[in-house]
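Contents: one structure, followed by commentary.
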Amino acid sequence: MRRPTVEWQVAGACNYGCSYCIQSPKHRVGAPSLETVDGLLAFLASLSGRWEVKMSGGEPFAFRLFLSRVVPGLVHRTPHTVSVLTNLSAPLSELERFAALTRGRLGIVSASLHLEYTTVGAFVEKARRLREWIGPEPSLVVNAVLVPGKLEELLEVRDSVEAAGLPFFPQVMKVNGGVHDYVAEDRALLPLFLDAGGDPRRENRAPSYLGRTCWAGVDYLVLTQRGDAFSCRTAKRFGEGFLGNVLDGGVRLADASHPCPYTICPCTVPANRGMVEGVGSATATAKEAAFSVAGEVP
Ligand code: SF4
Ligand code: SF4
């Protein structure tokens, strides 16, 4: 069963500047105007049925209109489920407000731990408080990049996160066109984190669904901070799959599924959400859900 999903890059800017960020500083910029935000919300309100709106950035909470306009707009103007990828840098007061605003409507909070900017103690305490505020239904998962040279430290981090009752999901470090080539000392520790025998390439593989029927553009789409809509990330990367702009002519979803024309499908969301013929399921595990959100934007 397909689960309609929108991935919305709410704002490009991030308040962190992690050395391992897959987004280059020159691309990690920007924030939409109020007019664009309202246009995006109007478009989301026009979608029929209940979608999941997965918000990412940059850092969504660092965008000044996030809590004042984006989240209330989604909750009050649409029937959709709200999910977010955040570095959890927002003050506790803002996280509490987010939890209150989204009560009954929250899907997944994927919290990324970045030890270049916070401590594990401070992060876990925030995550634990947020976990209490959002109640038992929504998922809250912690993910962290397996930063080279930091794996021993990350084993302790994992223990701290799990001791607080939170799921911990490691992410192999991505570099342009693939995954980081870990040195021998790190490779020896990777099996303590990863399935697939600790092979980072297998863990982070980007499969090909070339020729399979795909509903991207029909029940799944990607929205940018500028209000552009694309059928999927791969299509966007190739300058294809443009569905329109929410303010300039509007967005038109595709009428029908189509055979995938690409040899790589690096984002897990379409597959996990039942968009690709013969792949994924309607009951993605918490781990899949975490990576669905966190996989593309670190
Ligand atoms: S890794 Fe995430 S938190 Fe760090 S700079 Fe990049 S987007 Fe921001
Ligand atoms: S299978 Fe993946 S890459 Fe191919 S069209 Fe669908 S979402 Fe895009």
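We're numbering straight along the sequence, starting at 1. Every number for a ligand or one of its atoms is a count from 1 in the order of the listing.
- The side-chain tip of Arg158 points at the ring of Phe193 from less than 6.0 angstrom away and within 45° of straight on.
- A salt bridge between Glu94 and Arg97 is absent, with no side-chain N of the basic residue lying under 4.0 Å from a carboxylate O of the acidic one.
- A heavy-atom separation below 4.0 Å is found between Ile264 and ligand 2.
- Within the structure, ligand 1 has His114 among the residues with a heavy atom less than 4.0 angstrom away.
- A distance-only check finds a donor-acceptor pair linking the side chain of Asp186 to the backbone of Gly149 [under 3.5 Å].
- Of all protein heavy atoms, the one lying nearest to atom 3 (S) of ligand 2 is Thr234 OG1, 3.5 Å.
- Short contacts between ligand 2 and Cys214, defined as distances under 4.0 Å to a heavy atom of the residue, involve ligand atoms 1 (S), 5 (S), 6 (Fe), 7 (S).
- Of the charged side-chain nitrogens involved, none lies within less than 4.0 Å of a carboxylate oxygen, so that Glu152 and Lys150 do not count as a salt-bridged pair.
- Ionic pairing of Glu96 and Arg129 is not present here: no N-O contact between side-chain nitrogen and carboxylate oxygen is shorter than 4.0 angstrom.
- Shown in contact with Val276 at under 4.0 Å from a heavy atom are these atoms of ligand 2, numbered in order with element: 1 (S).
- Coordination check, Cys14 versus atom 8 (Fe) of ligand 1: passed, since an N/O/S atom of the residue sits under 2.8 Å.
- Salt-bridge formation is not detected for the pair Asp228/Lys236: no Lys NZ or Arg NE/NH1/NH2 atom is positioned less than 4.0 Å from an Asp or Glu carboxylate oxygen.
- Of all the listed residues (Gly211, Pro270, Cys265), Cys265 holds the heavy atom that lies closest to atom 2 (Fe) of ligand 2.
- Residue contacts with ligand 1: Arg28 is included, with a non-hydrogen atom under 4.0 Å away.
- Annotation: ring pair (Phe, Tyr, Trp, His ring centres under 6.0 Å) contacts of Phe230 (sequence neighbours excluded): Phe242.
- Atom 4 (Fe) of ligand 2 has an N, O or S atom of Cys260 closer than 2.8 Å.
- In this structure, the protein non-hydrogen atom closest to atom 8 (Fe) of ligand 2 is Cys232 SG, 2.4 Å.
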